[in-house]
Amino acid sequence: MKKVRVRFAPSPTGGLHLGGVRTALYNYLFAKKHNGDFVLRVEDTDQNRYVEGAEQYIIDCLTWCGILPDEGPHHEGEYGPYRQSERKDVYRKYAEELVKKGHAYYAFDTPEEIESLREKLKSEGKSNLQYGYHVRNDMRNSLTLPAEETEALLKINFPHVIRIKIEANEFVSFRDMIRGDIQMDTSSVDDKVLIKADGMPTYHLAVVVDDYLMKITHAFRGEEWLPSAPVHVLLWKYLGLQHHMPEWAHFPLILKPDGNGKLSKRDGERLGFPVFAMQWKDPNTGDLLKGFKELGFLPEAFINLLAVLGWNDGTEQEIFTIDELIEKFSIERVHSSGAKFDFEKAKWFNHEWIKKLPVTNYQSSVKKLLQESSVTIDDENKLEKILQLVKDRCTLLTDFVLQSSFFFKFPDTIDITAVKPKWDDKKNQFFVELIRAYEFMNQWQHDELEKEFKEIAAANQIKSGELMLPLRIMLVGGKFGPGVFHIAELLEKEETIKRIEHGLSLLIKNHKVAL
RNA sequence: GCCGCGUUGGUCAAGGGGUUAAGACGCCUCCCUUUCACGGAGGAAUCACGGGUUCGAAUCCCGUACGUGGUACCA
């Protein structure tokens, strides 16, 4: 059996969005599952759409996701080069071979001529122009021109394209690993351009030539390619390479959560969630678009949520490690219908992964976030304990900032309004005694702190529950956070007492004013 | 318009002739927790429609509707 080889073939035109990452992921999973190769091929044949930095950005995203291809421009293998722009010369040969065989022809119509013909047909209320069997004989091409004239035009390098010549009224059929047998009438597909006037191939030619040359065994791509699949299948056939043709699978689209249509860059902005894996700054427009990474997603969670958006293993399992995915993934279980993206569920996945992973896995990321909000971390050990203590409360990595800043610095605000209305002299007395008792404590530990607290409460005949919230407010600043004695323990003696004293001073002042 | 692909709760989805039609997210209620979470127990909510085939259809077939993709010298 042939070695499995798959490819992810993005065009470097901007940010890498959800759908793209998922396509890469499914390719990766399939390759790893079958001990195959995963190739990155950069489809940069459209020079007008070239965007500076996009290729490196794609590699960075795949690296962050942990699904970096085995071969590609970043890591040359034996099938390079991996940028189609650098393979320009190989494609023409195949196109000319097709011309010789009568499966393609030179066309000298200018884009303007075709455009005006389209306009004309449109104004006559006819359907879209298809440059195909019913019009090709009225156009300026090597099929209609005398051979000498074609020769002459080619000799002076008159701008031309090479088009595939698709025979009408035939059926092309092929098997899609997800959708089963698919059959299309060739009359509905037009004579696609294979080589553009600038000498570059179009996607259609490049994809089959490269898949052949790179020995790709399985070609997986988005559903938007399904309508042009017959062209590709025909190309394999016309080239006499049909025995080398890869197996096909077309993945379903990822749709907008609200209305309809496939998810696009704009939707993220509009609906308040990212559509890119990582932040992307467009060098041309200067636009900065946030990514899942910057929002506080873990790569493990991102991969996981993408994997199960359109695939599942048939059990109730939803949380998968990358290794489990490799083991369980199968193309046949990929859905054929599109799925709307649900950001709420995406966050749930991240929450699950924050809880599941050892905090040391993301400690450095959280540390960076804390430092960015001017919290100084001096003790990694302490940080680890804190993260462990608060992780259940964090859905995104960025939530750790709120949940753990107060351990390192005095709260910015103390929400005394939460306790002020019920404040009285008895409580006052309690906290004065508590400070004194805490000052004399030797064992600064959770259980001891709680025991002391409850004893003093009992002695003052106050329910300890009524005193917990005030203590929390004093230590944390607000109504959130883990168990209050856990906080006190980590804050340590000096800081805890300092905060109680400060809180008390605010309340006394406030209390008197209220009287 | 034409061509392709699709359609199970609001969303992700299991199930592919006989099921009380799983599960998850979100929402609601309760328990736990004298904060917020975590955790636990419940609840509301679904087979697009119409015809067939069949003893029996969410499941197979045909239509319709709707959605979606393509229809570029873009990928």
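Chain naming here is simple, since letters A, B, ... match the order of the sequence lines and numbering starts at 1 in each.
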Looking across every strand, which nucleic acid part, if any, lies under 4.0 Å from A:G261 by heavy atom: base, sugar-phosphate, or nothing? sugar-phosphate

Does A:K356 qualify as a cation-pi partner of A:W353, given the criterion of NZ or CZ under 6.0 Å from the six-membered ring centre and within 45 degrees of its axis? yes

Taking only the side-chain heavy atoms of A:A339 (C-beta and beyond), determine which of B:G70, B:U71, B:A13 contains the nearest atom. B:A13

A:K340 vs B:G10: side-chain N/O to OP1/OP2 distance below 4.0 Å: no

So does A:R163 get a side-chain nitrogen or oxygen closer than 4.0 Å to the phosphate oxygens (OP1/OP2) of B:C73? yes

Could you check whether A:V308 gets within reach of a base, just the sugar-phosphate, or nothing at all, counting any heavy atom under 4.0 Å? sugar-phosphate

Between A:D46 and A:R49, does at least one N-O distance fall below 4.0 Å, as a salt bridge requires? yes

Between A:F341 and A:F273, how do the two ring planes meet: parallel, tilted or perpendicular, split at 30° and 60°? tilted

Can you list the stems that include RNA chain B, where a stem is three or more consecutive Watson-Crick or G-U pairs with distances under 3.5 Å? B:1-7 with B:65-71, B:10-12 with B:23-25, B:27-31 with B:39-43, B:48-52 with B:60-64

For A:R179 and for A:K479, find the nucleotide of RNA chain B with the closest heavy atom, then tell me which residue's nucleotide is more 5'. A:R179

Separation of the C1' atoms in B:A57 and B:G43, to the nearest angstrom: 30 Å

If you measure from the C1' atom in B:C27 to the same atom in B:G15, how many Å do you get, rounded? 25 Å

What verdict does the ring pair (Phe, Tyr, Trp, His ring centres under 6.0 Å) test give for A:Y91 and A:H204, after you've listed the backbone C-alpha separation in whole Å, the side-chain angles of each residue and the deciding distance to 0.1 Å? CA-CA 11 Å; A:Y91 307 106; A:H204 307 294; over 10 Å; no

Taking OP1 and OP2 of B:G69, is either one under 4.0 Å from a side-chain nitrogen or oxygen of A:R221? no

Check: A:G478 main-chain N/O paired with A:R472 side-chain donor or acceptor under 3.5 Å: no

Can you tell me how the ring of A:W311 sits relative to the ring of A:F329, calling it parallel under 30°, perpendicular over 60° and tilted otherwise? tilted

Picking from B:U71, B:G69, B:C5, the nucleotide nearest the side-chain atoms of A:I182 would be B:C5

Restricting both atoms to N or O, compile the protein contacts to nucleotides 28-34 of chain B shorter than 3.5 Å, with distance only.
from	atom 1	to	atom 2	distance (Å)
B:U34	O4	A:G465	N	2.8

The answer to which of A:K355 and A:D185 contacts RNA chain B further toward the 5' end, by nearest nucleotide, is A:D185

Fit a plane to each ring of A:F400 and A:Y362, take the angle between them on a 0 to 90° scale, and name the class: parallel (under 30°), tilted (30 to 60°) or perpendicular (over 60°). tilted

So A:P482, base contact, sugar-phosphate only, or nothing? Heavy-atom distance under 4.0 Å. base

Go through B:A75, B:G69, B:U71 for me and flag the one nearest to the A:Q130 side chain. B:U71

Starting at CZ of A:R41 and ending at C1' of B:A75, how long is that distance when rounded to a whole Å? 12 Å

Checking A:D191 side chain against A:R136 main chain: does a donor-acceptor pair fall under 3.5 Å? no

So, does A:H204 get its side chain near the phosphate of B:C73, meaning an N or O under 4.0 Å from OP1 or OP2? no

Could you tell me whether the phosphate oxygens of B:U71, OP1 or OP2, come under 4.0 Å of any side-chain nitrogen or oxygen in A:R118? no

At less than 4.0 Å, is any side-chain N or O atom of A:N312 found next to OP1 or OP2 of B:A14? Yes or no. yes

Please measure how far the C1' atom in B:C32 lies from the corresponding atom in B:C5, and state the result in whole Å. 49 Å

NZ or CZ of A:R393 within 45° of A:F480 ring axis and under 6.0 Å: no

How about A:F431 and A:W423: are their ring centres within less than 6.0 Å of each other? yes

Does some side-chain heavy atom of A:L475 sit less than 4.5 Å from a side-chain heavy atom of A:F406? no

Does a nitrogen or oxygen in the side chain of A:H335 sit under 4.0 Å from OP1 or OP2 of B:A13? yes

Every protein N/O lying under 3.5 Å from an N/O of nucleotides 23-26 of chain B:
from	atom 1	to	atom 2	distance (Å)
B:A24	O4'	A:E318	OE1	3.0
B:A24	O2'	A:E318	OE1	2.5
B:A24	O2'	A:K345	NZ	2.9
B:A24	N3	A:K345	NZ	3.1
B:C25	OP1	A:W348	NE1	3.3
B:C25	O2'	A:K345	N	3.4

Under 4.0 angstrom, heavy atoms only, what part of the nucleic acid is A:D109 near: base, sugar-phosphate, or nothing? base

Would you please classify the geometry between the A:F297 ring and the A:F343 ring as parallel, tilted or perpendicular, with 30° and 60° separating the classes? tilted

Using a cut-off of less than 4.0 Å, is there contact between a side-chain N or O of A:T202 and OP1 or OP2 of B:C74? no

Any A:K196 side-chain nitrogen or oxygen under 4.0 Å from OP1 or OP2 of B:C74: yes

